[in-house]
There are 2 protein chains.
Amino acid sequence: MSDISIAQSVVLPPIKEVAARLGIAEDDLELYGKYKAKLPLRLIDEKKVAAAQLILVTAITPTPAGEGKTTVSIGLADGLRKIGKKAVVVLREPSLGPVFGAKGGATGGGRSQVSPMADINLHFTGDFNAVEKANNLLAALLDNVIQTAHHPLDIDPRTVLWKRCLDLNDRSLRQTIVGLGGKANGVMRADGFNITAASEVMAILCLATSLPDLKTRLGNILVAFSYTNQPIYARQLHAEAAMTILLRDALLPNLVQTLEQTPAIIHGGPFANIAQGTNTALATRMGLSLGDYVVTEAGFGADLGAEKFLNIKCGYTGLAPAAVVIVATVRALRHHGGATPAQLNTPDLARCERGFANLARHLENAQKFGYQPVVAINQFSSDTDEEVALVQQLCRALGVTAVLSTSWAEGGAGATALAEAVLTNIAAGTNRLRPLYAWDQPVKAKIETIAREIYGAVGVDYTAQAEADLRRIDRLGLAGLPICMAKTQKSFSDNEKLVGRPEGFRVTVRECELAAGAGFLIPILGTLLRMPGLPPVPASAGMDIDDNGVITGLS
Amino acid sequence: MSDISIAQSVVLPPIKEVAARLGIAEDDLELYGKYKAKLPLRLIDEKKVAAAQLILVTAITPTPAGEGKTTVSIGLADGLRKIGKKAVVVLREPSLGPVFGAKGGATGGGRSQVSPMADINLHFTGDFNAVEKANNLLAALLDNVIQTAHHPLDIDPRTVLWKRCLDLNDRSLRQTIVGLGGKANGVMRADGFNITAASEVMAILCLATSLPDLKTRLGNILVAFSYTNQPIYARQLHAEAAMTILLRDALLPNLVQTLEQTPAIIHGGPFANIAQGTNTALATRMGLSLGDYVVTEAGFGADLGAEKFLNIKCGYTGLAPAAVVIVATVRALRHHGGATPAQLNTPDLARCERGFANLARHLENAQKFGYQPVVAINQFSSDTDEEVALVQQLCRALGVTAVLSTSWAEGGAGATALAEAVLTNIAAGTNRLRPLYAWDQPVKAKIETIAREIYGAVGVDYTAQAEADLRRIDRLGLAGLPICMAKTQKSFSDNEKLVGRPEGFRVTVRECELAAGAGFLIPILGTLLRMPGLPPVPASAGMDIDDNGVITGLS
């Protein structure tokens, strides 16, 4: 059965019943249809936030299809609920790019899904659209100032940093020229579009702690420079109030449920290779206000998502996970052990053992942050018992518990063992977040720490452009911001071909961008696309909708 | 008091109560918060549609600020309700372009507003976003085929007709180049963005009679030509199903209310100078299913909105208004009588009398369609009693009733006289829709009829490009579609400087576009912008939102 058929076959209660079980009055809900609702920020209760346990789900270096972090996160929350715990799962919102492209949506799979699956994967409650409009209003206001001759801001159009965005995979928009057609139609300049998940507005929405904080951060976005090299911020364009107005509703976390009626909060969706890769800070706080155990995920492998979660998100919010779960698959271990794409589903103990080196490094990294991780082996049908036993044995040798999760096939019942293992891990009381670096260290020292300690690099090189970018960051007084590395998710290194546990490599910082509004620096390692493309046969070609509105082919 | 302060000062019942009074069960509503809901199409009842009375509100040739059609429409519906009639108002959705630009939102004004004003003017229920995404997915799919070397569709990138869209005023996007940056980043070609209200997808959404009809029309969009000059339709890109999926919820009409709790259906928002300028056909049918009297508006002056409503919308849907109301203002009469912008608010009987010629032509035009119109004089504070009396007297001389509407200041109580006049007009039983032209006439004959009969032109000229376009339309077998003229709203002619009632002029068709999906031909008279620009000081600069989320400066 396809994910969407499973999702369509389960009859769920209206979201107001799920909310009622959390003690939320119907009047507190802003319903979006019967199965989705936005929650008012007044439901955040800092006492409960401090008392509840946050469980961070991260992963091994993934294969292109992903290792099922979302599926495991949902399964774990359902599993915790099955053994009597008040659990909530908090996730990111899907982007339409992958939905119509190759990877598909982001609502889990099999019996571990959030619902309503189609709605969440499509427009959901309009948050992505609000981010897009706020992003693009800022761009229009900026070009409107550039259009005005002798404007006091004296913006040099060659210095514009701010791009427009669109939540679709559209490679033709990566590099554009705008403002053609003469005087009435703007000032001609090189431009480009990011996918909405890569917009700094998305990063800001996900770090904002309140409506006024959102407005302040939006005002702090650096958009361009003047002809005299003075920075131009969004607030100088009087953009931040209108942008905040566009984001007023988007700031409120969305409540939905899993197929097993576990409350799910899905809110915000920055990518993890170029941004911080985790849901909004307010959604996490909301989850912790409503549940005793909150399962959340950080995008891609732990070298990206978890590192940023622990250094940036925890740094800005004061949150700290009580436990870290690392999702591994036998398939990914085979991949890191040298399997070609065609060999990924072929059992191979030797490859698994070789590939374990990748997982081992992620386990060591978690320990550097102060966590004894729990490994969740997300079961696939091609796994053999021997391979699973091998992974468990190799983990045990490192003192780490590895539990098979079968929640894709069985729902929460397939993750109760994992849930028990996580509870035991928390009960041991030894986990305590230790940030990897102090924000007030020099920028290069912060980058070097991540590269050496997390990636295993032997050193960091800087291009001339990167050196210039760092000088600019110093000049603007922003060197004290945390680091949000932009790096391929396919390798610990900046070379996506180096799978497994590469050693002896150096990484190169090609540029260093500045997200002054979100509040982090973005060293760019290698080439990274902020606007994906569609595959030769996009997923959209396999979709249909019948005369009654029933959708097929969405995954 | 500003419009938004008035709106914020009125405490309204939840929309479910408004729905309940219409006999709609709460379970039938898809709520979007407490004050907005989408209505299922099964509530459309063709027997009721046939029995109810549709009142079309149109206008004199407007000044740039508009003459208050929306305000009068809302006031008239409130007025009908005040005198005991079951009335519903059906309107278009605002575009974010004017909201952040110069003109402001589109929710009426003063005491004649629809609510929640801020929500409706901002993202509302996401319909515009859905249109934008469907439009832009088609563009991405098209460029994705162009990217594939030797694709069987053999699309010539120089022939692409389909543009991307964005619901903001952003002049720099009017003319762009996309696909720069080499092989991986698309095929370089000239491109551009329309504002979302000008997208053919918006026009289609507003003409679709059902979900399957929507899918068929989307598939019929003409996007480009092959190197052998064969037309390429959206269905050949397998785009229409995914586009329909994106529009599934957007196809459902939105229910809100006026400040006096009259039910209001607000759905779809094509501009009237370049598209058909009226709300969705399904919204009109929904209104007629729920009320005995449905007040609806058609954009800009009657030469654009009403002509298209009566020839295109009525032609496609079988609907026919029971009455036509033409909104005039003393200010617009002064304008057509020669007042400069600075003189617009200065009482002047002579200018009013001269300017009446414009209104008179609109009255005659309504008669050509088979209607004896009612004039609503939308009161402004600068009007003198003498001017109002003059307009009424001039109308009376033509056998037309002209009633002062003070609903801006007084709400429905200020429009009961207008409501009575409209009821009397309907009761006379003489109105009967007579389409201006038969669709199966030659294209030039149809264009000529509109130009002569409605505009008062003495002839039509065609550029070489227009002639070539007409030959292409013939070749594609689409000459039988109705005509959707693209013309300035500021004059009966194609020269915006010719106010009043110009005579002896010719109009020039510069090009003739083809909306094969929406199902109309678009002769373009003069230069028309499908993407507006922002003024030097955009409305966004005067907006704010406080720490509690209270918005100011939105109008």
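In what follows, chains carry the letters A, B, and so on, assigned in the order in which the sequence lines appear, proteins first and then strands, with residues in each chain numbered from 1.
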Can you tell which part of A:Glu132 gets under 4.5 Å to a heavy atom of chain B, answering side chain, backbone, both or neither? side chain
Bottom line for A:Pro536: the part with an atom under 4.5 Å from chain B's heavy atoms is backbone
Which region of A:Phe128, side chain (C-beta onward) or backbone (N, CA, C, O), has a non-hydrogen atom less than 4.5 Å from a non-hydrogen atom of chain B, or is it both or neither? neither
Is a donor on one side and an acceptor on the other found under 3.5 Å between the side chain of B:Lys133 and the backbone of A:Asn129? no
Engaged part of A:Leu137 at the chain B interface, taking heavy atoms whose separation is under 4.5 Å: both
State whether a side-chain donor-acceptor pair under 3.5 Å links A:Arg174 with B:Asn185. yes
One option among B:Thr125, B:Leu166, B:Thr148 has the most heavy-atom pairs under 4.5 Å with chain A, and it is B:Leu166
Just by modelled atom types, is the B:Ala130 backbone N or O under 3.5 Å from a matching donor or acceptor in the A:His123 side chain? no
Does the distance from a Lys or Arg side-chain N to an Asp or Glu carboxylate O, for B:Arg248 and A:Asp119, drop under 4.0 Å? yes
dist B:Leu168:CG -> A:Leu138:CG (nearest 0.5 Å) comes out at 11.0 Å
Which bit of A:Asp27 is near chain B, if near means a heavy-atom gap under 4.5 Å: side chain, backbone, both or neither? both
Is the side chain of B:Asn144 donor-acceptor paired with the backbone N or O of A:Pro535 at a distance under 3.5 Å, no angle test? yes
Taking B:Lys34 for its side chain and A:Leu29 for its backbone only, find out whether a donor-acceptor pair lies under 3.5 Å. yes
Where does A:Leu122 contact chain B at under 4.5 Å (heavy atoms): side chain, backbone, both or neither? side chain
Do B:Leu173 and A:Val178 have side-chain heavy atoms sitting under 4.5 Å apart? yes
Any side-chain heavy atom of A:Asp170 sitting closer than 4.5 Å to one from B:Asn136? no
Interface moiety of A:Leu211 toward chain B, non-hydrogen atoms closer than 4.5 Å: side chain
From A:Tyr32 atom OH to B:Lys36 atom NZ, the distance as rounded to the nearest 0.5 Å: 5.0 Å
Should B:Lys215 and A:Asp544 count as an ion pair when the cut-off is N to O under 4.0 Å? yes
Can you measure from CD1 (B:Ile146) to OG (A:Ser172) and round to the nearest 0.5 angstrom? 7.5 Å
